Amino acid sequence: MKYDHKQIEPVWQKKWEDAGIFHAEANSSKPKYYTLIEFPYPSGQGLHVGHPRSYTALDIVARKRRMQGYNVLYPIGWDAFGLPTENFAIKNHVHPREVTAKNVARFKSQLQALGISFDWSREINTTDPKYYKWTQWIFLKLFEHGLAYKKEMAVNWCTSCKCVLANEEVVNGVCERCGSEVVRKVKSQWMLKITAYADRLISDLDLVNYPERVKAQQKNWIGRSTGAEVDFTTTTGDMLTVYTTRPDTLFGATYMVISPEHPMISKLSSVIKNMDEVRQYQEAAARKSDFERTEVAKDKTGVRLDGVEAINPVNGKQIPIFISDYVLVSYGTGAIMAVPAHDTRDWEFAKKFDLPIIEVVKGGQDVQKEAFTDCATGILVNSDDLNGLSVEDAKKKIIEKLTETGKGRAKVNFKLRDWVFSRQRYWGEPIPIVHCSCCGAVPVPENELPLELPDVESYEPTDNGESPLAKMTEWVNTKCPKCGADAKRETDTMPQWAGSSWYFLRYMDPHNDEALASPEALNYWAPVDWYNGGMEHTTLHLLYSRFWHKFLYDIKVVPTPEPYAKRTSHGMILGENGEKMSKSRGNVVNPDDIVNEYGADTMRLFEMFIGDFENAAPWNSNSIKGCRRFAERFCGLTALMIDGDNIRPELEGAFHKTIKKVGEDIENLKFNTAIAALMSLINDIYASGSVTKGELKIFTALLSPFAPHVAEQVWDECKLGDGFASVTEWPSYDENKCVDDEIQIVVQVNGKVRDKMMIPAQIDRDSAIAAAKNSDKIKALIDGKTIIKEIYVPSKLINIVAK
RNA sequence: GCCGGUAUGUCGGAAUUGGCAGACGAGACAGACUCAAAAUCUGUUGUCCGCAAGGGCGUGUGGGUUCGAGUCCCACUACCGGCACCA
C-alpha cells in the first residue's frame, strides 16, 4: 500500500465524524469511562506542540477503552476568558469576543487535523453566556453560604498606567508595559473562603489516585501547621497576639516582630517616637512582593518601634517590638515572637540588630553560632517548669498552661490563604452582585442569569483602578433587587480560574438550560475517571476546582466528594535547544508544519515516543523520521500478507508478549516503550518474510490508538474486519504463551558477569548451580578457591562467591 | 529562599523495581542497489588496552550498605516546574 497521509487523513476524520463513533452515548447500558484533558486557552499563537502530548496520550486511553467496550466521554472546550486576549484586543482595537472566536476556530481546525477522538458535539466555551450563567450561579451559591465576602487587599498598582496589574505584568518591581514603578495599593476585593475547606482538601487526598508528588504539592501548599496563639500585652496596655508553631520556646523570645502593615502601628502612632522612620519603612515594604520579602538569603531589615515594648506573658520580661518585612500580614496573626536561638530567620535578624540569643532547647550546636531548629532531639532548659521536657511534651504543657491562664490557646494554621476572586478587567464573567446603599451587597436573582457582559466600545482600564465596566453607567446603574432603590452593579469580574473550576461537569450535559448538568448525567458520569494535565497546574487549578466541587457536593449538586478519581501529569515539550519553547527564544515548533510534512499519525507517534511521558523532553526534528519510517513499514506489511487467521508458531511468543506489554504500558503512561514494543514486533515480522491476515489484524488493532488513520486505511484495504478499526475489539493474550520454555541465565563470579547459558525455565536451584559450575569458563575461575556463597535468582542469574 | 521534580552513549531514551547497563529510535561509519543522488536494504557503533582470545573502566560529584547498586542510605552540584492577579 502506498502511504499518502495527505490523502487518507482527512477522509477518515470525516468518516469518523459522520458515523459519530466517538460521541459518548447519552443512555447506555455499557460501563462508562470519562477521560479528561485540561481544556486549552485559545491563545493567538495557535496550538503548541505541547498540547497534543496530553491530548494524544488520553486519546490513546480513550480509544483503548472504547475497544474494550466502554461508553467513553472524551470532551473538549475552550477556557477563553483571560488577560492575553484582553490585552491583544486593547492593543489592536478589536473586541475580545472576536479575538476569541478567531483563535477558537484556528485551534479547532488544528486539533481536528490530529484525529483526536474528541466528542465535538459536547464542545463548550467559558465565554458563552449559556456557560457562564452557571459559573455565576455557583458564585451566588457560594455567596449565599457565606463563602464569598469582600475584604481590603493589596493589589499591584502601576503609578503611570494607573491600573491594577497582574503579578505576571510586574517584572522586577516595574510595570511590564511602561517600565514605571509598581506599588501595592489597598482595594476592596471579593474573596472566596477556600480556607474553610483546608482540612478536607488535605484529608480527602486519601480518596483519590494522584501521583505522590502531586499530593505532596497540594499538602505543602495548604501548609497545615499546629501551634498556638499567645497573647502578649504591651507597655501601653494593648494586646498583641502572635502565632507560633514552637510555643515550647516561649521563654527564649527576646523580641517581637510585626508586619509593616499591622494595624497596631497606626493605633500606636502617637506613642511611637520614630514614626517618620516607621512610615518610610512601610512605604519601602509596600513596593516588594511577598516573594521578595520572605527570601531567606537576603539581608534582614527592620525598624524598632521606639516608645513601646511587649511583655512576655510567662515571665513578665519586657522585650522590644520591631517591624520587618519578613513577617507577612497575611499569615497567622501578622505578628511573631522571635526566638533567635531556635529559628534561622530570627537568628539572622538578632545578629544584625545585636539582640540577645537565649538557649531554651539543649542538644544542638552553640546557639550563638547557629540556630538550633531540630524538634526531635532537644531537651528544654532555662524555661522554669518546662525544663527537662522534650519539645513535644513542652508544647503540650505550655499550651495547657496558657489556656488555663487565658493568655493563649492551641491553634491550627494554614499557609493557604483565601482566594482573591476579583479582577479589575473586562474579559471575565461579571460578578452577579448589586450594591445598594441600604441593603448592602445583594445577589442578582437567579432568574436574571446570565448577567451578560455589556457590549462596549472600550475595555481599557480606568485610571482610578476600577474595572472597565465601571464606565458603562447604563449597565452599572440599576435597581436593588431587594428594595427597588437606585443601586450599582459590581464592576469587578471573575478570574479565569472560575470557568475552569467546574467545566468537567458541564461536559456531562452541555446543553442543559435548567441546571449546570442534570442529576442523571451527573450520577452516570461522575467522577472523572482519568484527568491528565501539566505539573504547572497541580497546585492552583487542581485545588480551586477541588474546592468548588466539594462545595457543590455539600449543597447536593454533585454526587461525589472529589471531582477526579485519577490524576496524572505530563512533562513539557522543550525546544530543540532544551529550553522552554517561546517566540522570543525562536525555538517554537508549529504542529501544522509537522502534520503537513509527516502526517498526523507520525506526529502522534513521535509525541508519544519522544521520551518518558511524565518528564520534559526536547523536540528533535531528526528523530521524528524514525516514527514516519515505522508508519511506512506498517503500510509495507500489506504487500507481505498471506492467508491465515492464526499467528504462526514462530511469532506466537512475540505477539502475545507485545499484546500484554502494549496494554499494560498504556495504563502506566509508558507510551514510549509501548511503541518500542510495536517496532520490535514489526522487525520480527519482517525478519519472518511475511505476515498472515490474522497477525496483521492484531497488529493493526494494537496500533490503531496510536496511529488511527493509517490503521483504518490498512484495515479497510486488507478487509481485516467489519466496521472501523478504531472500535474493533482490543486483542487479548494468553499468559502461558508469554513465557519461554528456555531462558538465558547469567553466571557471575564475585558479582561480575563471566558466562551466559540457556537453561530450561523450570529448572531447580541445585541443577542450575551445578550446570553453571560445569561451564569451562566458570571452572577456570573458581578452580582452587573456596566457595563461600552461592546465590540463585530464578530465571535471572547465579552468583558464585569464591575466595 | 520555600515546595516538588530531574541527571544514563554523539542525541531522545530503555532497564520486569536490588540481579546481563545502553532495548527502541535518531545520528555517524562501512557495504549493496544506482550513471549519480535520494529512498530502501545489510552490517558496525559506550570507552580504554589487545592482531585476537580476552580483560579494565563506565549511569552528575564524593562517601556508605550489599554477594551484587543506574536503582537503597548520607552529603553535595547543576538544571527544570510552582510560589497565590498568566493559566
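Note that the structure is predicted; figures quoted are calculated from it, not measured.
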Ring centres under 6.0 Å, that's the criterion: do A:Y564 and A:F504 meet it? yes
Looking for any heavy atom pair under 4.0 Å, which part of the strands does A:R423 touch: base, sugar-phosphate only, or nothing? base
Can you check the distance between B:rG62 and B:rU8, where both ends of the measurement are the P atom (answer in whole Å)? 16 Å
Do A:V155 and A:K185 come within less than 4.5 Å of each other through their side chains, counting heavy atoms only? yes
Mind running ring pair (Phe, Tyr, Trp, His ring centres under 6.0 Å) on A:F606 and A:Y598 for me, showing each step along the way? CA-CA 10 Å; A:F606 181 59; A:Y598 296 101; 8.7 Å; no
Sugar-phosphate only, base, or nothing, as touched by A:Q424 at under 4.0 Å among non-hydrogen atoms: base
Where each residue is assigned the nucleotide of RNA chain B containing its nearest heavy atom, which of A:E212 and A:N750 is assigned the position nearer the 5′ end? A:E212
Which part of the nucleic acid does A:R754 contact within heavy-atom distance under 4.0 Å: base, sugar-phosphate only, or nothing? sugar-phosphate
Give me the distance, rounded to whole Å, that separates B:rC49 from B:rC24 when you measure between the P atoms they each carry. 28 Å
Please compare A:E632 and A:K415 by the position of their nearest nucleotide in RNA chain B and report the one closer to 5'. A:E632
Non-hydrogen side-chain atoms of A:E790 and A:I798 separated by less than 4.5 Å: no
Interface polar pairs with nucleotides 16-26 of chain B, N/O, under 3.5 angstrom:
| from | atom 1 | to | atom 2 | distance (Å) |
| --- | --- | --- | --- | --- |
| B:rG19 | N2 | A:Q748 | OE1 | 3.3 |
| B:rC20 | O2 | A:K756 | NZ | 2.7 |
| B:rC20 | N3 | A:Q744 | OE1 | 3.2 |
| B:rC20 | N4 | A:Q744 | OE1 | 3.3 |
| B:rG25 | OP1 | A:N683 | ND2 | 3.3 |
| B:rA26 | OP1 | A:R629 | NH1 | 2.5 |

A correct 5'-to-3' footprint of nucleotides 43-49 of chain B, with B, S and - meaning base, sugar-phosphate only and no protein heavy atom under 4.0 Å, is -------
Take the protein atom CE of A:M581 and the nucleotide atom C1' of B:rC80, then report the distance between them rounded to whole Å. 15 Å
Residues passing the ring-ring contact (aromatic ring centres under 6.0 Å, His included) test with A:W221, sequence neighbours excluded, are none
To the nearest Å, give me how far apart CG (A:L192) and P (B:rA84) are. 17 Å
Between A:D740 and A:K657, does any side-chain N to carboxylate O distance fall below 4.0 Å? yes
Among the nucleotides B:rG4, B:rC85, B:rU6, which one has an atom lying closest to any side-chain atom of A:N615? B:rU6
Out of A:Y544, A:F547, A:Y503, which one pairs with A:W497 under the ring-ring contact (aromatic ring centres under 6.0 Å, His included) rule? A:Y544
B:rG9 glycosidic conformation (syn if within 90° of 0, otherwise anti) is syn
For a quick check of understanding: with a heavy-atom distance under 4.0 Å over all strands, which category does A:V214 fall into, base, sugar-phosphate or nothing? nothing
Those residues that, when tested against A:D79, pass salt bridge (Lys or Arg N to Asp or Glu O under 4.0 Å) (two or more places apart): none
Return yes if a side-chain donor-acceptor contact under 3.5 Å exists between A:N532 and A:T568, otherwise no. yes
Calculate the interatomic distance between A:L574 atom CG and B:rU6 atom C1'; express it in whole Å. 12 Å
Rounded to the nearest angstrom, tell me the gap between atom CZ in A:R567 and atom C1' in B:rG82. 13 Å
OP1, OP2 of B:rA84 versus side-chain N and O of A:R417: anything below 4.0 Å? no
Tell me if a side-chain donor or acceptor on A:H570 pairs with a main-chain N or O of A:G533 at a distance below 3.5 Å. yes
Just to be sure I understand the rule, does A:E579 reach a base, reach only the sugar-phosphate, or reach nothing, if contact means heavy atoms closer than 4.0 Å? nothing
Gap between atoms CG and C1', on A:N577 and B:rG12 respectively (whole Å): 15 Å
Whole-Å distance between B:rU40 C1' and A:Y686 OH? 11 Å
Wobble G-U and Watson-Crick pairs count when both distances are under 3.5 Å; given that, what is the 5' to 3' dot-bracket string of RNA chain B, with | for pairing to other strands? (((((((..(((......[....)))((((((.......))))))((((....))))..(((((..]....))))))))))))....
Syn or anti: how is B:rU17 classified when any glycosidic angle within 90° of 0 counts as syn? syn
For the C1' atoms, the ones on B:rA53 and on B:rG58, what distance do you get once it is rounded to whole angstrom? 23 Å
B:rC48 versus B:rU71 - spacing of their P atoms, nearest Å: 25 Å
Which part of the nucleic acid does A:S422 contact within heavy-atom distance under 4.0 Å: base, sugar-phosphate only, or nothing? base
In chain order, what residues pass the ring-ring contact (aromatic ring centres under 6.0 Å, His included) check against A:F655, with sequence neighbours excluded? none
For the P atoms, the ones on B:rC11 and on B:rC35, what distance do you get once it is rounded to whole angstrom? 39 Å
Say you pick atom P in B:rU61 and the same atom in B:rA78; how far apart are they, in whole Å? 15 Å
Does the distance from a Lys or Arg side-chain N to an Asp or Glu carboxylate O, for A:E348 and A:K352, drop under 4.0 Å? no
Roughly how far apart, to the nearest Å, are B:rA14 and B:rC85 at atom P? 36 Å
Between B:rG12, B:rC86, B:rA84, which one does the side chain of A:Y544 approach most closely? B:rA84
Does the ring centre of A:Y131 sit less than 6.0 Å away from the ring centre of A:W502? yes
Starting from C1' on B:rC86, measure out to CZ on A:R425 and report it in whole angstrom. 11 Å
Which nucleotide, B:rG4, B:rC85, B:rG82, lies nearest any side-chain atom of A:T539? B:rG82
Give me the distance, rounded to whole Å, that separates B:rG81 from B:rA26 when you measure between the C1' atoms they each carry. 28 Å
In whole angstroms, how far is the P atom of B:rC83 from the CG atom of A:L542? 14 Å
Could you check A:T491, A:D492, A:T493 and say which one makes a side chain to side chain donor-acceptor pair (under 3.5 Å) with A:Q424? A:D492
